[in-house]
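Worth knowing before you read on, the calculation uses all heavy atoms, side chains too, and leaves out hydrogens, waters and symmetry mates. Just so it is clear, the model here is predicted, and its values are computed rather than measured.
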Amino acid sequence: MKKKRKSKLPLMIFMIFSLMILFFILHVSRTKIEYTNTKMTSTTPSAVEQKETDSNKEALPSDTDTPTLTEQEEIEDFHITNTAQTKPSKWMEFTNLSVNGTILKKIKDYKPAETITFDSGSKYAQVEGVLTFRGNNFRDTSSYGQAAMSKYKLKELWNFPTGSMSVKGKYWSGNGWTGQPLLVHWPAATKKHMNMKSWAKEDDSLVEVIYAGMDGHVYFLDMKSGKETRETMNLGYVFKGAGALDPRGYPILYVGAGYDSSQGTSRAFIINLLDCTVMYEYGNDDSFSLRGHLSYFDSSSLVDAATDTLIQPGENGILYLMKLNTSYNENKGTLKIKPGSIVKWRYKGKRNNGSTYWLGMESSAAIYKGYLYVAENGGHLMCLDLNTMKLKWVQDILDDSNSTPVLSVEDNKLYLYVSTSFHKGWRSSTTAEVPIWKIDASNGSIIWTKSYTCSSVEDASGGVQSTIAVGHNSLDDYIYVTVGRTGGTSRGVLACLKKKSGTVVWEQAGPYTWSSPVCVYNTDGKDQVLYARSDSKLLMVDGISGKPNSEISLGGGNVESTPAVYENTLVVGTRGRNIFGVKLK
């Protein structure tokens with residue numbers, strides 16, 4: 001009888017299984033290495049951070065909960081040019097450049113020490129919160145994280161009283177246009193050295209509200225309770241704009257005054273938030289300005305982290321680029337700046353004059369790569385190359401614009417949305433058309449226009465004084481805009497338009513508003529739009545259908561300022577001299 005041959009099948013199965021395990025281990029290891037390398041690349045400290053920052057401090061990750069834009073590498077063939085309509089020489093009389101106090105004979109002689117290049121808006125901030133007007137360099141959000149609403153109702157949590165001041169016969173109260181609060185969740189290591197109250201330092205969940213008001217004060221509040229986290233700063237100037245925090249998480253506040261005061265002409269401030277002292281002032285009575293002594297700063301600045309550069313447009317018609325030379329040591333709690341390499345750019349449009357179509361930039365700038373987009377008082381939308389300081393294109397937007405351009409990536413291309421106002425007596429003494437534009441960011445050409453007929457009153461123009469909200473997530477097909485003084489001097493609309501065509505999806509009519517709408521993204525995908533009106537009402541509407549879900553009164557008085565939202569909590573100030581915390585239920 002033959003001996004039964006042993007089957008080789010189990011051995012073959014074992015060998016195949018072993019090879020599969022080996023391949024899996026190698027694949028995981030490789031993936032881990034690639035991820036580690038990617039992470040190291042994205043968080044490598046800049047030369048400035050290496051200068052004195054604690055070497056053990058890791059760069060904080062970008063917000064992963066907040067809806068994000070399409071990333072930079074998905075924008076196809078992005079380069080800047082112009083058309084016959086947007087050629088700068090068609091609209092501009094001249095531009096000038098001053099470097100460290102010396103006016104260059106030719107702008108082409110300018111050679112930057114470092115190259116400025118911004119990424120997509122989702123990568124702007126390295127600390128949690130809403131750190132500048134509309135959140136980032138794309139200016140596309142003033143909400144952080146996701147809400148977890150189930151009832152879609154608004155409920156007042158707290159209110160904090162503010163003040164007022166009169167300057168040169170003008171009365172300024174509470175918080176006005178644009179007036180968005182800043183919301184920040186400081187790391188414990190940063191709070192440790194701040195002049196906060198002890199309970200605030202010990203609360204690891206604390207989100208601090210930093211709010212500069214028209215009464216000359218900067219307020220510091222706990223977002224949950226409205227309690228003061230530290231003593232109020234009294235700078236004595238009217239603050240209309242939102243201000244900005246440093247995107248690197250450094251304890252620095254950048255804020256500009258929007259009107260003169262008994263302290264002197266208005267100016268911009270850089271404030272140390274460790275001890276709430278002013279580290280630097282600039283912009284007041286600048287001899288480089290073509291608007292004389294006017295030096296208002298309503299725009300909200302941006303900081304290029306890689307080059308340590310502050311970028312700030314001014315109503316004096318000057319764009320400031322300032323190397324900060326920041327030294328921050330988190331362990332020691334020391335912070336210093338030594339501004340140098342100050343570059344100032346100015347322009348003169350062919351229709352800019354002293355009586356109408358003024359010089360000056362009140363809106364905030366949006367930036368992608370090295371290109372800055374800003375609207376100005378004389379009805380020009382400008383694209384400026386920050387690395388050559390040359391205008392790339394200029395589009396006619398008809399009137400004084402207070403609307404900040406908003407960047408949006410759609411179908412792998414970059415667009416921007418912007419609108420304008422109606423100054424009575426400039427284009428008409430009765431009514432005028434106020435268009436909302438979708439514009440090709442690469443050359444300034446108009447993709448589509450949707451217009452509203454608006455009226456105006458002296459010193460309080462009609463039209464769009466707000467900034468357009470670009471939807472993401474379930475709202476990705478839409479934009480939202482508040483139009484003032486349409487349908488009557490005291491009336492207005494919140495309009496939902498299709499991004500593709502500008503077609504009206506829905507409108508909600510009511511008292512007019514200057515406040516910008518805010519998109520809030522919910523965990524269940526039922527995303528909402530919130531906005532405040534001149535009748536002191538705050539409203540929540542369904543972002544797709546426009547159905548009103550909730551409204552509350554904010555104590556009386558106009559609400560000009562734009563809300564900011566952190567997860568389920570909204571904060572906004574009013575002309576009625578109160579800051580409100582509101583729960584999104």
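A donor-acceptor pair under 3.5 Å links the side-chain atoms of Asn522 to the main chain of Met149, judged by distance alone. Judged by distance alone, the side chain of Thr467 and the main-chain N or O of Thr404 form a donor-acceptor pair under 3.5 Å. When atom types are taken as modelled, the side chain of Tyr280 and the backbone of Ile271 share no donor-acceptor pair closer than 3.5 angstrom. In terms of modelled atom types and a separation under 3.5 Å, the side chain of His185 and the main chain of Asp204 share a donor-acceptor contact. Within the 3.5 Å criterion, the main-chain N or O of Lys390 finds no donor-acceptor partner in the side chain of Asp385. Between the Ser299 side chain and the Pro313 main chain, a donor and an acceptor come within less than 3.5 Å of each other. A donor-acceptor contact shorter than 3.5 Å links the side chain of Arg139 to the backbone of Ala365. Between the side chain of Asn284 and the backbone N or O of Ser266 there is no donor-acceptor pair closer than 3.5 Å. Although no hydrogens or angles enter the test, the distance criterion places no donor-acceptor pair under 3.5 Å between the side chain of Asn325 and the main chain of Pro339. Within the 3.5 Å criterion, the main-chain N or O of Arg134 finds a donor-acceptor partner in the side chain of Gln180.
Closest heavy-atom contact between Met194 and Leu273: CG-O, 3.5 Å. Looking at every heavy atom in both residues, Tyr480 comes nearest to Cys519 through CD1-SG, 3.8 Å. Between Val559 and Thr513, the shortest heavy-atom distance links the atoms O-OG1, 4.4 Å. Nearest heavy-atom pair, Asp304 versus Thr117, reported as atom, atom and distance to 0.1 Å: OD1-O, 3.9 Å. Across all their heavy atoms, Asn473 and Tyr521 have their closest contact at CB-CD2, 3.9 Å. Of all heavy-atom pairs spanning Ser408 and Tyr417, the tightest one is CB-CE1, 3.8 Å.
Annotation: side chain of Ser561 is in contact with side chain of Tyr211 (closest heavy-atom distance under 4.5 Å). Residues Ile439 and Trp393 have side chains in contact (heavy-atom distance under 4.5 Å, counting atoms from C-beta outward). Using a 4.5 Å heavy-atom threshold, the side chains of Ile80 and Cys383 count as touching. Annotation: side chain of Leu154 is in contact with side chain of Leu584 (closest heavy-atom distance under 4.5 Å). Between Thr229 and Leu206, the closest side-chain pair of non-hydrogen atoms falls below 4.5 Å. Taking the side chain as every heavy atom from C-beta outward, Ile544 and Ser474 approach each other to under 4.5 Å. Side-chain contact between Tyr124 and Val303 is present, with heavy atoms from C-beta onward closer than 4.5 Å. Between Val127 and Pro187, the closest side-chain pair of non-hydrogen atoms falls below 4.5 Å.
Taken to the nearest 0.5 Å, the CG atom of Leu372 stands 8.5 Å off from the CH2 atom of Trp345. In this structure, Tyr373 OH and Leu407 CG are separated by 6.5 Å, a value rounded to the nearest 0.5 Å. Taken from CD1 in Ile397 to CD1 in Ile436, the straight-line distance is 13.0 Å, to the nearest 0.5 Å. In this structure, CE on Met196 lies 8.5 Å from NZ on Lys201, to the nearest 0.5 angstrom. Taken from CG in Asp222 to OG in Ser205, the straight-line distance is 7.5 Å, to the nearest 0.5 Å. In this structure, SG in Cys496 is found 8.0 Å from CG in Leu475, a value given to the nearest 0.5 Å.
Identified under the salt bridge (Lys or Arg N to Asp or Glu O under 4.0 Å) test for residues 270-280, with sequence neighbours left out: none.
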Dump the intermediate steps for side chain to side chain donor-acceptor pair (under 3.5 Å) on Thr482 and Ser466, then the final yes or no. CA-CA 7 Å; Thr482 52; Ser466 60; 2.7 Å; yes
Criterion side-chain contact (heavy atoms from CB on, under 4.5 Å) on Leu570 and Leu538, from CA distance to verdict: CA-CA 10 Å; Leu570 176 147; Leu538 174 69; 3.8 Å; yes
Quick one: do Leu414 and Phe138 satisfy side-chain contact (heavy atoms from CB on, under 4.5 Å)? Show the steps, please. CA-CA 11 Å; Leu414 188 65; Phe138 271 44; 4.0 Å; yes
Under the salt bridge (Lys or Arg N to Asp or Glu O under 4.0 Å) criterion, do Lys323 and Glu114 qualify, and how do the steps go? CA-CA 10 Å; Lys323 177 79 172 179; Glu114 299 172 283; 2.7 Å; yes
Under the side-chain contact (heavy atoms from CB on, under 4.5 Å) criterion, do Asp140 and His472 qualify, and how do the steps go? CA-CA 9 Å; Asp140 74 321; His472 301 299; 2.8 Å; yes
CA sep, side-chain torsions, deciding dist, call: Tyr320, Asp286, side chain to side chain donor-acceptor pair (under 3.5 Å): CA-CA 11 Å; Tyr320 294 84; Asp286 197 321; 2.7 Å; yes
Go through it in stages, so that I can follow the logic: the residues are Val207 and Thr569, the test is side-chain contact (heavy atoms from CB on, under 4.5 Å), and I'd like the CA-CA distance, side-chain angles, deciding distance and then a yes or no. CA-CA 10 Å; Val207 174; Thr569 305; over 6 Å; no
Taking it one step at a time, do Thr132 and Ser300 satisfy side chain to side chain donor-acceptor pair (under 3.5 Å)? CA-CA 6 Å; Thr132 186; Ser300 183; 2.8 Å; yes
Pair Asp411, Lys499 - check salt bridge (Lys or Arg N to Asp or Glu O under 4.0 Å), show working. CA-CA 11 Å; Asp411 299 324; Lys499 287 181 181 177; over 6 Å; no
Would you please test Lys191 and Asp203 for salt bridge (Lys or Arg N to Asp or Glu O under 4.0 Å) and show each step? CA-CA 10 Å; Lys191 285 199 300 179; Asp203 183 357; 5.8 Å; no
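Taking the ring axis of Phe288 as reference, the NZ or CZ atom of Arg346 stays within 45° of it and closer than 6.0 Å to the ring centre.
A perpendicular orientation is assigned to the rings of Phe78 and Tyr368, their planes being inclined by more than 60° (bins at 30° and 60°).
The environment of NZ in Lys526 is sparse: at most 12 heavy-atom neighbours from other residues, nucleotides or ligands sit within 6.0 Å. The environment of CG in Asp77 is sparse: at most 12 heavy-atom neighbours from other residues, nucleotides or ligands sit within 6.0 Å. Within 6.0 Å of NZ in Lys498 there are 12 or fewer heavy atoms belonging to other residues, nucleotides or ligands.
Remark: aromatic rings of Tyr566 and Tyr144 are close, center separation under 6.0 Å. Ring pair Phe269/Tyr237: centre-to-centre distance below 6.0 Å.
A salt bridge links Glu410 with Lys438: the distance from a Lys NZ or Arg NE/NH1/NH2 to an Asp or Glu carboxylate oxygen falls below 4.0 Å.
No side-chain N or O of Asn402 forms a donor-acceptor pair with one of Ser421 less than 3.5 Å apart.
For Tyr254, the side-chain hydrogen bond (donor to acceptor under 3.5 Å, both in side chains) partners at least two apart in sequence or on another chain are Asp246.
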